[in-house]
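First the structure, in the form of structure tokens, and then the observations on it.
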Amino acid sequence: MKTLSKLTALAMAAAMTLSLTACTVGGNTGGNPQTSTNPSASQPQESSPAPSGSQSTEKDSYVVGICQLAPHDALDAATQGFKDAITAALGDAVEFKEGNAGGESNNCATIIDGFLADNVDLILANATASLQAAASATDTVPVLGTAVTNYGVALDLDSTEDGVLGGNISGTSDLAPLDQQADLLEELFPASEYPNVGLVYCSAEPNSIFQVETIQGYLEEKGYTCAQYAFTDVNDLSSVTQTACDNSDVIYIPTDNTAANNAETIANVVIPAGVPVIAGESGICSGCGVATLSIDYYELGQITGEMAVKILTGEESVSEMAISYDTTLTKMYNEVNCQALGITPPEGYEPIA
């Protein structure tokens with residue numbers, strides 16, 4: 001019995017020693033409450049998935065994909081304005097991945113797919129075909145369009161009134177008020193002297209169709225007789241333009257990417273024919289037009305870039321952003337083409353640089 005009691009006492013002493021040791025290891029010897037050493041408790045919890053079109057505010061670097069339909073002055077200026085605005089706000093924290101489709105709409109899908117494979121944080125879709133490709137490819141990555149005339153038409157929505165689209169798409173529109181463009185045409189070429197207006201555009205561009213049909217109504221209200229001349233691509237551009245010249249006193253060309261990319265081809269027809277062109281934007285006008293009421297595409301790109309910064313930093317969600325516009329419009333003229341056709345613009349027109 002004495003032996004058993006002695007063994008029991010020794011066992012209890014050992015247990016007490018182990019207990020004291022366990023309390024000391026990893027403990028706080030400073031008298032403050034002990035902090036848990038459970039790894040799961042010391043790590044931040046995973047946040048819930050962000051809603052469609054939103055971005056985390058905790059990132060310190062971003063990747064932005066830029067898909068541009070074609071290399072021409074207006075789209076180039078929009079892209080540069082976009083990049084400059086983002087760089088001014090976020091500096092080196094943004095990496096740009098750029099792809100140019102070379103005027104081929106089908107290439108836009110390939111470019112966009114590459115951006116998604118690279119896990120970009122936001123996509124700039126420069127021109128309608130780029131926007132359509134991005135909209136088809138993703139409904140989660142934020143997409144901002146620029147140099148898109150009408151988003152409802154471009155995306156085949158129920159309404160053509162551009163406002164808040166919802167989802168993962170917003171952006172800026174390059175639509176200068178078509179009623180004011182009709183006013184400009186009338187100011188330079190009144191219906192009493194130039195009764196026939198040819199509307200030249202690419203039938204593959206839905207936003208060009210929208211512009212032509214809209215301005216035709218305004219022009220007909222002013223007493224003009226209008227006829228539409230649609231080309232399918234650059235292959236029939238010269239022949240369609242020649243037909244328009246043969247039957248028109250003045251030609252109107254909307255903000256059409258194919259026309260902008262081939263303005264010199266149009267000039268080679270209209271200037272020898274002696275038919276003036278009113279263009280929807282300054283890039284086309286600088287190539288083949290005599291005058292335009294134009295927005296500033298660099299400024300349009302900057303507005304889009306400022307929207308991108310708000311999305312990337314989490315200040316705003318793309319799903320809540322309304323389509324934006326450059327509201328500064330400028331009457332401009334092409335000095336060389338005006339001289340070639342014997343046209344003197346009135347006061348208030350600025351020469352295209």
Task: Hydrophobic cluster membership, I86 vs L75, 4.5 Å side-chain cutoff - done: no
Open item on the list: Test side-chain contact (heavy atoms from CB on, under 4.5 Å) on V290 and V250; report intermediate values, then the result.
Closed with: CA-CA 10 Å; V290 295; V250 59; over 6 Å; no
Open item on the list: With heavy-atom distances below 4.5 Å as the criterion, would you say the side chains of S282 and T330 are in contact?
Closed with: no
TODO: Mind listing the closest non-hydrogen atom pair of V269 and P272 along with its distance?
DONE: O-CD, 3.5 Å
Task: Shortest non-hydrogen contact between A267 and G287, atoms and distance - done: CB-O, 3.4 Å
TODO: Scan side-chain atoms only and decide if D174 and T146 contain a donor-acceptor pair under the 3.5 Å cut-off.
DONE: no
TODO: Report yes or no: do L293 and Y298 belong to one cluster of Ile/Leu/Val/Met/Phe/Trp/Tyr joined by side chain heavy-atom distances under 4.5 Å?
DONE: no
TODO: Could you tell me whether the side chains of Q211 and T255 share a donor-acceptor contact shorter than 3.5 Å?
DONE: yes
Task: Side-chain donor-acceptor pair present, N196, D249, cut-off under 3.5 Å - done: yes
Open item on the list: Would a single hydrophobic cluster contain both V277 and V336, if residues Ile, Leu, Val, Met, Phe, Trp and Tyr are joined by side-chain heavy-atom contacts under 4.5 Å?
Closed with: no
Open item on the list: Do I209 and Y218 land in one hydrophobic cluster if side-chain heavy atoms of ILVMFWY residues count as linked below 4.5 Å?
Closed with: yes
Open item on the list: Would you say D256 and S208 are linked by a side-chain donor-acceptor pair, where the criterion is simply a distance under 3.5 Å?
Closed with: yes
TODO: Tell me yes or no: between the side chains of T304 and T172, is some donor less than 3.5 Å from an acceptor?
DONE: yes
TODO: Could you tell me which non-hydrogen atom of A154 sits nearest to which non-hydrogen atom of V148, and how far apart they are?
DONE: CB-CG1, 4.1 Å
Task: Within-4.5 Å side-chain heavy-atom neighbours: I295 and Y325 - done: no
Open item on the list: For Q228 and Q216, which I'm curious about, is there any donor-acceptor pair between the side chains at under 3.5 Å?
Closed with: yes
- [ ] Please examine the side chains of D296 and T328, heavy atoms only from C-beta on, and report whether any two atoms are closer than 4.5 Å.
- [x] no
Task: Rounded distance (nearest 0.5 Å) linking atom OG of S130 with atom CD1 of I111 - done: 7.0 Å
TODO: Could you give me the CA-CA distance, side-chain angles and deciding distance for V197 and T225, then say whether side-chain contact (heavy atoms from CB on, under 4.5 Å) is met?
DONE: CA-CA 6 Å; V197 178; T225 299; over 6 Å; no
Open item on the list: Would you say that L69 contacts C108 through its side chain, given a criterion of any heavy-atom pair below 4.5 Å between the two side chains?
Closed with: yes
Task: Closest non-hydrogen atom pair between N126 and A147, with its separation - done: OD1-CB, 3.5 Å
Open item on the list: Under a 3.5 Å cutoff, is there a donor and acceptor pairing between the side chains of S319 and S317?
Closed with: yes
Task: Interatomic spacing from CZ in F231 to OG1 in T241 - rounded to 0.5 Å - done: 6.5 Å
TODO: Please check if the side chain of N334 supplies one atom and the backbone of N337 the other of a donor-acceptor pair under 3.5 Å.
DONE: yes
Task: Q80 and D76 side chains, donor-acceptor separation under 3.5 Å - done: no
Task: No-hydrogen, no-angle side-chain donor-acceptor test under 3.5 Å, Y297 and E281 - done: no
Open item on the list: Counting only heavy atoms not in D92 (residues, nucleotides, ligands), do more than 12 fall under 6.0 Å from its CG?
Closed with: no
Open item on the list: Within the structure provided, determine whether S248 and L199 are in side-chain contact (heavy-atom separation under 4.5 Å).
Closed with: no
TODO: With sequence neighbours excluded, give me every ring pair (Phe, Tyr, Trp, His ring centres under 6.0 Å) pair touching residues 162-192.
DONE: F189-Y194
Task: S61 vs V94 side-chain heavy atoms within contact, under 4.5 Å - done: no
- [ ] Look up atom CE in M332 and atom CD1 in I352, then write down how far apart they are to the nearest 0.5 Å.
- [x] 5.0 Å
TODO: Determine yes or no for a side-chain-to-main-chain donor-acceptor pair under 3.5 angstrom, with N168 supplying the side chain and T138 the backbone.
DONE: yes
Open item on the list: Is there a side-chain contact (heavy atoms from CB on, under 4.5 Å) between T258 and L237? Walk through the geometry before answering.
Closed with: CA-CA 9 Å; T258 308; L237 175 58; 5.6 Å; no
Open item on the list: I'd like to know if the side chain of N107 and the backbone of G103 have a donor-acceptor N/O pair within less than 3.5 Å.
Closed with: no
TODO: Please report the closest heavy-atom contact between M307 and S324, naming both atoms and the distance.
DONE: SD-OG, 3.8 Å
Open item on the list: Is there a side chain to side chain donor-acceptor pair (under 3.5 Å) between E264 and N268? Walk through the geometry before answering.
Closed with: CA-CA 6 Å; E264 185 177 350; N268 290 337; 4.7 Å; no
TODO: Please say which of N150, N207, I323 ends up in a side-chain contact (heavy atoms from CB on, under 4.5 Å) with S173.
DONE: I323
Task: E205 and T128: side chain donor to acceptor below 3.5 Å - done: no
Open item on the list: Quick check: do L341 and P276 have side-chain heavy atoms less than 4.5 Å from each other?
Closed with: yes
Open item on the list: With no hydrogens and no angle check, just 3.5 Å: does a side-chain donor-acceptor pair link D236 and T232?
Closed with: yes
TODO: Using only heavy-atom distances, determine whether the side chains of E335 and Y349 contain a donor-acceptor pair under 3.5 Å.
DONE: no
- [ ] Check P254 against V212 and note the closest heavy-atom contact, atom names and distance.
- [x] CG-CG2, 4.0 Å
Open item on the list: Given 3.5 Å as the limit, does a donor-acceptor pair link the side chain of S170 with the main chain of V318, or not?
Closed with: no
- [ ] Quick one: do K97 and D118 satisfy side-chain contact (heavy atoms from CB on, under 4.5 Å)? Show the steps, please.
- [x] CA-CA 9 Å; K97 292 182 177 292; D118 290 336; 3.5 Å; yes
Task: Rounded distance (nearest 0.5 Å) linking atom CG of L178 with atom CD of E213 - done: 11.5 Å
Open item on the list: Side chains of T79 and Q68: any donor to acceptor distance under 3.5 Å?
Closed with: yes
Open item on the list: Would you say E306 and Q302 are linked by a side-chain donor-acceptor pair, where the criterion is simply a distance under 3.5 Å?
Closed with: no
- [ ] Would you please test Y252 and Q181 for side chain to side chain donor-acceptor pair (under 3.5 Å) and show each step?
- [x] CA-CA 9 Å; Y252 176 80; Q181 292 199 22; 2.5 Å; yes
Open item on the list: To the closest 0.5 Å, what do you measure between CD1 (I284) and NE2 (H72)?
Closed with: 7.0 Å
- [ ] Find out whether L329 and P177 are in side-chain contact, i.e. whether some heavy atom of one side chain is under 4.5 Å from a heavy atom of the other.
- [x] yes
Task: CD1 on I215 to CD1 on I278, rounded to 0.5 Å - done: 9.5 Å
Task: Cluster overlap V164 with Y151, hydrophobic side-chain contacts below 4.5 Å - done: no
